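Note sheet for the following structure.
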Amino acid sequence: MLTKDECKTALPKRLLTLTGASLEEASAADKYAALASLVRDYIGQSWVDTTRRYDNQRQKQVYYFSIEFLPGRLLDTNLRNLDIREVWREALAELGIDYTELTNAEQDAGLGNGGLGRLAACFLDSLASLGLPGHGCGIRYTYGLFEQAIVDGMQVEKPDTWLKELNIWEYRKAGKAVLVKFGPPLGGVKAVPYDIPVIGFDNRTVNTLRLWSAEVRDGFNVNYSSFGPDDYRKLLEYKSWVESISQILYPDDRYEEGRQLRLVQEYFLVSAGLQSIVRHIKRKQGPDLSHLADQIAIHINDTHPALAIPELMRILMDEEGLGWDKAWDITTHTISYTNHTVLPEALEKWPVGQIQSLLPRIYEIIHEINERFCAQLWQRYPGDWGRIAAMAVIGDCFVKMAHLAIVGSHSVNGVAELHSQILQSDLFSRFYQHTPQKFNNKTNGITHRRWLLSANPGLAGLITDTIGPGWLQRPNDLEKLLPFAADTAFQQKLAAVKQERKEALANYIFNKYRLALDPHSLFDVQVKRIHAYKRQLLNALRIMELYQRLKANPGLDILPRTFIFAGKAAPGYYLAKKIIQLIVTLSKQINNDTAIQDKLKVIFLENYNVSLAERIIPAADISEQISTAGKEASGTGNMKFMMNGAITVGTLDGANVEIREAVGDENIVIFGLTAGETAACYQTGRCNPLTIYNQDERVRNCVNQLIDGSLPVFGDEFRPLYDYLLHPGGAFLELQDFAAYLEAQTRIDRLFHDNPARWQAAATNIARSGRFSSDRTITEYANGIWHIHP
Ligand SMILES: *Cc1c(COP(=O)(O)O)cnc(C)c1O
């Protein structure tokens, strides 16, 4: 460990060797690079030691396969987990360098769309921090999720060139490359791993996130004697095809397009990952793989890596010479699967022909899996064709990836109690009847180290001053705050911390957008991917309602509110883009209206990502979690807000249900139809939005504004939203829940008018947030599914 003075000399030295710049002339990015490069020096030994320890003790290890990882920035996390943050902070201060400016110079690693990728990143943090042998396996996309700008009120996408600068955290392991084989005429692709250390919190554990990059295989077509123009063309074609594999992350969240290249990516990921794992096991523990399921666990995050099932079968049979039954036994005991969604458009299915031509051997194996599974069903349910057809892995000329994942794994879990219930009673009910023992729930979590300790140091400091530092290791200790929830002195400190975060966010917004916000207004926040089922449109409608009410009666006694939105829409998702346009239009209209005396402001912040989330969430008073009940599998944004003392306004959906159980009805504002009621709506078709439109004048006024020229746009820009809302059976029940949502707002107003009640609620939310730490989630996975130990 370096002392402060050593740090002070080390940094300018490294700066010079790395960037050729002196301290005076170096940019923040240069200084970031120099410090990050110094941090690498601390990691190496623990990393090697951890790997050796796992191998020597023959510990069972888990590999978490995910097509997305969304870690965000790493420097601050790594400094903190290595327990060298304070010494460096002081050294930097004495060198006249602003710590935050330096850490903010890091590019986000944005290799994910949203919740699913962020969950994977939280899980890696918890695995390492709990000292568990668990690693990530993903793709090193050259371009992460696009950067979003708003131009003329509309989303514009720009490529995320995160690898333009040197990525300090990755270690290219050229010697560990493997060959991934596709069917003729494509042939093989070289997969090169880039390893990123995942550092545990103050425990000398360093696990690995291994990201694979596609490269042209060695010696391809280099036949100098006969290298004609045709060979040259073929070489170029092959090269550009190979390079496209790990080029871009598909920007669709909860939507599957069935694109060929995506299938290529999925196989590339699982084949490279499994080959390297099997090779490692054989090298360290001998060639006999019959106990593989005791040596490793493979977890697939949603169905994108579900080809791991036939690929592991292929390796065990074709390369290791095992028979079908033995290989199947090993595979199903090794693999476990998490489902993330019940939305039909998000469930993966691939045309048989596509898999067959791209991966002929893999298709043969899937076909055999299906034959055997159907034969087994026939034995158990003789003559029940309907049931068997509904459960088959292959049907209507498609391979159903969720069915493959269930059949080929020993554990299937949902990500919140309600979601797991819906899987068992609805989406996968037949599979549940067939193999109930496979099904379980693992409610999602978030790492309290990033989302509280790092994102909100002021609050973390207050907590530690109040109850001591034990909560860092044992997040359930946050409950020790409960006795202080009603304590006036504590409430005042909590209010001061929140105020400070709100002012910081207001400053950021002013500097970037030249919009002045009242930091004493309520910050009412909805930040997440823009999606119809998440119902940003419902939020926009109630802002329109409130604005009209205020216009009609400027003296209306309301607490001033600032509505903050952020989130990306998939580039091809027309409706979501219209919703962004509506919000931006409302912000233009409302922010410039002096008649309402600055009581309302609306802002849409560009380019929502992990770093922006870290700025926004600590500053929130109100957390909007208003998805149609039954549609949001869990949500994790809801947990981040709760942990930072925001009050949730939410539907009984996903983990909101468990947040309510944790905090009690007086500390959360719940509204709207339940999952049972929304399901009944969809089934009976009786919830016609027109009925509500005709009955409720407030609904009619707001919806009409979309098309009657009240909004400051040319032409019929928002007609599509109008049609969507009134289309029978099409919408996500925005109008059905509208009145209940307005009523919820009056409850929120009442709560925030009562200062002690409000801060007691905030404190209770923080105190009860420990169960939503991903440390709890990962402990449950480790004990219940993977059977791994610290
Ligand atoms: C937590 C997080 C999400 C998930 O948010 P939900 O509200 O659960 O949809 C998405 N994107 C980013 C950047 C996040 O940090």
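Whatever order the structure lists them in is the order used to number ligands and atoms, beginning at 1. Only this structure's heavy atoms are used, side chains among them; waters, hydrogens and symmetry mates stay out. Only a predicted model underlies this, so the values are computations on that prediction, with no experimental measurement involved.
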Task: Any residue meeting salt bridge (Lys or Arg N to Asp or Glu O under 4.0 Å) with E677, in chain and number order, not counting sequence neighbours - done: none

Task: For A662, side-chain contact (heavy atoms from CB on, under 4.5 Å) partners two or more places apart - done: M642, R768, R771, F772

Open item on the list: Taking the basic N atoms (NZ, or NE/NH1/NH2) and the acidic carboxylate oxygens, is any pair closer than 4.0 Å for K512 and E606?
Closed with: yes

Open item on the list: To check you understand the geometry: which heavy-atom pair defines the closest contact between L472 and L453, and what is its length?
Closed with: CD2-CD2, 3.7 Å

May I have the N/O to N/O pairs between ligand 1 and the protein that fall below 3.5 Å, each with atom names and distance to one decimal?
unit_1: ligand 1; atom_1: 7 (O); unit_2: K528; atom_2: NZ; d: 2.8
unit_1: ligand 1; atom_1: 8 (O); unit_2: T636; atom_2: N; d: 2.8
unit_1: ligand 1; atom_1: 8 (O); unit_2: G637; atom_2: N; d: 2.9
unit_1: ligand 1; atom_1: 9 (O); unit_2: K534; atom_2: NZ; d: 2.7
unit_1: ligand 1; atom_1: 15 (O); unit_2: K640; atom_2: NZ; d: 2.6

Task: Basic-acidic side-chain contact under 4.0 Å: D125, R449 - done: yes

- [ ] Output every pair passing salt bridge (Lys or Arg N to Asp or Glu O under 4.0 Å) with a member in residues 100-123, not counting sequence neighbours, ordered by first then second residue.
- [x] R73-D108

